[in-house]
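Structure, as structure tokens:
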Amino acid sequence: MRALLTSKWTKAAVFLLCLVPLDALIWRALHNGLGANPVEFIQLTTGRWTLRFLIITLCITPFRKLLNLPDLIRFRRMFGLFAFFYVCLHFLTYLGPDQSFDLAAMWKDVAKRPFITVGFLGFLLLVPLAMTSTAGWIRRLGGKRWQMLHRAIYFAAVAGVIHYYWKVKSDVRMPLFYGALVAVLLLWRLWGWLSRRRSVVAAKLSSEGARAGAAR
Amino acid sequence: MLIRKAPDLTYADVTPKSVYLDRRKFLRAMGIVGATAVTAKGLFDLALPPQVAFAATKFTSLVNSPFSTSEKQNSYDDVTHYNNFYEFGTDKGDPAKNAKNFNTSNWIVSVEGEVAKPRKFTMDEILKLAPLEERIYRHRCVEAWSIVVPWIGFSFNSLIRLVEPTPKAQFVAFQSYYDPRQMPLGRWAGIEFPYVEGLRLDEAMNPLTLLCVGMYGESLPNQDGAPVRMVIPWKYGFKSIKSLVKIKFQQKMPPTTWNLSVPNWYGFYSNVNPNVNHPRWSQAKERRLGEIFKRPTLMFNGYDDQVASMYNGMDLKKNY
Ligand code: HEM
């Protein structure tokens, strides 16, 4: 398993796999398969894949720990960057065909329609993460600060779910499904954080207790 | 302009022969050729329904309408594979798949309420009610896309005159067919069924308001609201109720499905209006299917000459 996970061939294969949604779109475009509203088809597909890649990225840490596969870390940056790649395409379908590349109109729309506002917020949160995804930036920021910054993905994922939930008209099953996945992944982290904190507090208390006992 | 006398159509004329013959064979095989029509109908419903969906049938000698636009029509393929018909699923491609076997034979439209002559219409009777016209209308969905469709039908007011509304009738309420057995995805749609809609009586009387039985020279495909629907071209698409089974004239403003679902988003009037925004979709522009960039949306979907006067003195921002 280790050998498989650390092989550069595996990484190349996963990279190509992450491009399949894009390939499928191109194939459809060339074969008249995008349906009656091609722009919408591309917009919805790239939106969905953005959310899926965010969720896959959030899965890495729990899977590493629960499955005892620390080498999974090798894929995290790639998945995160693919989320960013697909949200860029998603955003371009909005900026181009929807808003005719009119930035003034776009800002007005972003401010006016809550579901766009939230989506845009998710996108903004991902920009610095993509920019600081290199080893150089981890060094420059320092591991702790880099990690703090990259927790923004939690909020981007939540924003993505709210965006999706507000987007559908009445059938909320899919947004709720993705929302549940994000909730589980974030609650797992919260639970870990709480239990770590509790053990730190417990350790502190017991050491204080010991000191008090010694003073008596 | 092509104006020919409408022939005396019966639904037999528009039912494809193959469908007829199959039924006949079936009946003969069952040995009940001599049974009464009522029994036969019961048997059809029991034994056959999913298989006898009407195949599209051609209408000949249609009257051209002065209300038609000369804009480029959308393809039949677009209009039959990009549908909002939530009883058959909420994805645009769902109705084409899931309405395939929708059984629309023996259709009855019941007209009731504040009318001197309430009655039930069969499809035969509806088709003979007035000469069938082709009307090429713009159709604007609240989701900011639009299409141009050659509908077939006649002004709804032909039917209104026949049933003679009483002075109390101020609104018309419409109801769609709903059968959870034939429409199992309806329970996931997130809106209440049967789908209901409504118009003010003057809106219903407006000659643009179409009682529609076909499109592209043929009977309506199931996913587009077979066998009979309304088409109200100056209002958002969801006002144009599909698969119509009940029409009720009444004094009170009737409830409407999307308004019941999200009142502050979908009003009773829902006239196409580029100046009144919807929280989800900016209504200033629309994407004509087949085009990439959006075009400006027109007030009343470009039908202001025919309809604007009905709303004189009304605040259309409040009455959205
Ligand atoms: C974290 C970032 C984002 C995620 C995860 C995301 C995800 C999604 C998803 C899942 C959908 C619905 C797909 C479906 O119905 O199948 C969607 C639709 C959409 N998103 Fe995003 N999105 C994001 C950012 C943005 C941004 C920045 C914009 C534009 C400013 C945007 C504009 C839209 C639009 C216009 C739609 C389609 C609405 C419609 O057709 O009714 N999204 N997005």
Side-chain angles (χ1 to χ4, degrees), chain A residues 24-25 28-29 31-48 89-90 92-120 162-177 179, chain B residues 74-84 86-96 141-147 149 185-193 195 223 236 238 257-258 260-262 265-266 277-296:
Chain A
L25 281 178
R28 277 170 179 273
H31 291 80
N32 205 11
L34 293 173
N37 193 344
V39 172
E40 181 190 62
F41 192 96
I42 295 170
Q43 190 168 68
L44 299 186
T45 306
T46 50
R48 271 177 236 176
L89 294 181
H90 184 61
L92 276 178
T93 63
Y94 168 80
L95 182 62
D98 281 5
Q99 300 296 329
S100 312
F101 297 104
D102 179 346
L103 285 181
M106 186 200 84
W107 284 119
K108 257 174 60 188
D109 197 52
V110 167
K112 188 147 46 178
R113 295 196 285 157
F115 103 91
I116 296 287
T117 318
V118 178
F120 195 75
I162 297 175
H163 170 67
Y164 193 5
Y165 186 85
W166 280 349
K167 182 254 151 189
V168 300
K169 280 205 304 194
S170 60
D171 180 0
V172 292
R173 281 176 298 160
M174 284 317 278
L176 285 184
F177 169 74
Chain B
N74 279 90
S75 71
Y76 183 80
D77 201 46
D78 283 355
V79 179
T80 50
H81 290 84
Y82 194 81
N83 304 96
N84 279 329
Y86 276 22
E87 287 87 335
F88 291 111
T90 54
D91 275 354
K92 296 283 186 295
D94 282 346
C141 178
V142 71
E143 298 165 349
W145 53 269
S146 65
I147 43 182
V149 187
L185 293 181
R187 58 192 290 228
W188 301 112
I191 52 177
E192 289 289 319
F193 294 127
Y195 195 91
Q223 64 266 39
Y236 294 119
F238 66 86
T257 295
W258 279 104
L260 291 173
S261 167
V262 197
W265 287 11
Y266 308 95
N277 267 313
H278 182 283
R280 202 75 62 87
W281 304 278
S282 158
Q283 299 300 11
K285 292 187 172 187
E286 68 199 48
R287 176 172 294 120
R288 181 67 50 84
L289 293 194
E291 296 176 356
I292 292 186
F293 293 100
K294 294 190 167 183
R295 54 166 76 204

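All of these numbers come straight from a predicted model, not from anything done at the bench. Chain naming here is simple, since letters A, B, ... match the order of the sequence lines and numbering starts at 1 in each.
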How about the chain A/chain B donor-acceptor pairs under 3.5 Å, what are they, with distances?
unit_1   : atom_1 : unit_2   : atom_2 : d
A/Asn37  : ND2    : B/Tyr82  : OH     : 2.9
A/Glu40  : OE1    : B/Tyr82  : OH     : 2.8
A/Glu40  : OE2    : B/Tyr82  : OH     : 3.2
A/Pro97  : O      : B/Arg287 : NH2    : 3.4
A/Asp98  : OD1    : B/Arg287 : NH2    : 2.8
A/Arg113 : NH1    : B/Arg280 : O      : 2.3
A/Trp166 : O      : B/Arg280 : NE     : 2.5
A/Trp166 : O      : B/Arg280 : NH1    : 2.6
A/Trp166 : O      : B/Arg280 : NH2    : 3.0
A/Lys167 : O      : B/Arg280 : NH1    : 2.2
A/Val168 : O      : B/Arg280 : NH1    : 2.6
A/Val168 : O      : B/Arg280 : NH2    : 3.2
A/Lys169 : NZ     : B/Glu143 : OE2    : 2.9
A/Ser170 : OG     : B/Ala189 : O      : 2.5
A/Asp171 : OD2    : B/Thr90  : OG1    : 3.2

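Listed here is the closest heavy atom pair of B/Ile292 and A/Pro97: O-CB, 3.5 Å.
Heavy atoms closer than 4.5 Å to chain B are found nowhere in A/Val172, neither backbone nor side chain.
Annotation: maximal heavy-atom pairing with chain B below 4.5 Å, among A/Gly35, A/Ala36, A/Pro114, occurs at A/Ala36.
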